[in-house]
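Only one structure is covered here, and it is reproduced in the block below.
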Amino acid sequence: MLHHLDLHDALQAAELLALQRLAYQQEAELIGYAQLPPLRESLPELMDCGERVLVWREAGVLLAALGYLHDAQGLDICRLMVAPTAQRRGLGRRLLAELAKQQRPMRVMTAAANLPAIALYQQAGFVLRREIVLPDGLKLVALQHP
């Protein structure tokens with residue numbers, strides 16, 4: 001079931017943080033970069049991030065989430081995660097499709113080495129806009145929709 005999560009509810013935020021740590025640990029291993037910021041985020045930081053969060057639950061279990069911010073230029077996707085046990089079932093696509101219903105431009109950044117994420121975004125209509133290299137050498141790509 002798709003709905004919004006309340007980040008001001010400590011139990012819901014803690015549940016999201018647990019999912020985040022599982023999903024981003026998997027990404028860190030995939031791209032060979034252990035210092036991903038979502039792995040270091042604390043519960044108070046998550047609760048105060050200002051994002052709206054769409055989530056997918058089945059039988060009450062949180063399986064996927066998409067956090068985003070909105071401004072006059074559109075929507076910035078800040079985090080997209082799917083539980084490792086629920087991947088390859090289209091949950092990420094469902095969350096992106098729900099966000100697209102707002103009919104506003106969407107932007108996202110991900111690691112250039114995260115080929116599964118880039119493929120997901122491109123399948124959803126995102127276009128690669130630019131590559132950025134952080135001071136520590138991590139390469140990111142910026143994608144935009146439409």
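Residue numbers start at 1 and run along the sequence shown. All values below come from the heavy atoms of this structure, side chains included, with hydrogens, waters and symmetry mates left out.
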Linked, directly or transitively: L43 and L7 (ILVMFWY side chains, under 4.5 Å): yes
Nearest non-hydrogen partners of A34 and A28, listed with the distance: CA-CB, 4.2 Å
Minimal non-hydrogen separation, A13 against L46, with atom names: O-CD2, 3.5 Å
Side-chain touch L39/P37, heavy atoms, less than 4.5 angstrom: no
Minimum heavy-atom distance between V55 and A65, given as atom pair plus value: CG1-CB, 3.8 Å
Cluster link L75 to L128, ILVMFWY, side chain under 4.5 Å: yes
Straight-line distance of R93 CZ to L95 CG, nearest 0.5 Å: 11.0 Å
side-chain hydrogen bond (donor to acceptor under 3.5 Å, both in side chains) partners of D76, counting only residues at least two apart: R107
Salt bridge E15-R57, side-chain N to carboxylate O under 4.0 Å: yes
Within 6.0 Å of NE2 in H4, more than 12 heavy atoms from elsewhere: yes
Side chain to side chain contact (heavy atoms under 4.5 Å, CB included) assessment of L5 paired with L54: CA-CA 6 Å; L5 182 136; L54 282 169; over 6 Å; no
Beyond-backbone contact of Y68 with E51, side-chain heavy atoms, under 4.5 angstrom: no
Separation between CE of M81 and CG of L19, rounded to the nearest 0.5 Å: 5.5 Å
Check: R21 side chain, E41 main-chain N or O, donor-acceptor pair, under 3.5 Å: yes
Worked verdict on Q26 versus L30 for side chain to side chain contact (heavy atoms under 4.5 Å, CB included): CA-CA 6 Å; Q26 183 181 39; L30 174 73; 5.8 Å; no
Value rounded to 0.5 Å, distance of CD in Q35 from CG in L134: 12.5 Å
Contact summary for Y24 and C78, nearest pair of heavy atoms: OH-O, 4.5 Å
Heavy-atom side-chain proximity of R79 to L66 below 4.5 angstrom: no
R89 side chain reached by R94 side chain, heavy atoms, under 4.5 Å: no
In one Ile/Leu/Val/Met/Phe/Trp/Tyr side-chain cluster, 4.5 Å: V82, L63: yes
Side chain to side chain, L96 and Y121, heavy atoms closer than 4.5 Å: yes
F126 vs I118, side chain to side chain contact (heavy atoms under 4.5 Å, CB included): CA-CA, chis, key distance, verdict: CA-CA 9 Å; F126 283 74; I118 293 169; over 6 Å; no
Side-chain donor/acceptor of Q12 to backbone N/O of D6, under 3.5 Å: yes
Hphob cluster co-occupancy, I77 + V53, side-chain heavy atoms under 4.5 angstrom: no
Greater than 12 external heavy atoms within 6.0 Å of H70's NE2: no
Heavy-atom closest pair, residues L62 and A64: CD1-O, 3.6 Å
R88 atom CZ: more than 12 heavy-atom contacts under 6.0 Å: no
Please set out all donor-acceptor pairs under 3.5 angstrom arising from side-chain atoms of residues 135-145, sequence neighbours excluded.
unit_1, atom_1, unit_2, atom_2, d
D136, OD1, L138, N, 3.1
D136, OD2, Y33, OH, 2.3
H145, NE2, A124, O, 3.2

Under the side-chain hydrogen bond (donor to acceptor under 3.5 Å, both in side chains) test, residues paired with Q122 that sit two or more places apart: none
Neighbour count above 12 (heavy atom, 6.0 Å) for E131 CD: yes
Shortest non-hydrogen contact between P38 and Q20, atoms and distance: O-NE2, 2.9 Å
same_hphob_cluster(V127, V108) at 4.5 Å side-chain heavy-atom cutoff: no
N/O donor-acceptor pair under 3.5 Å between Q102 side chain and L99 backbone: no
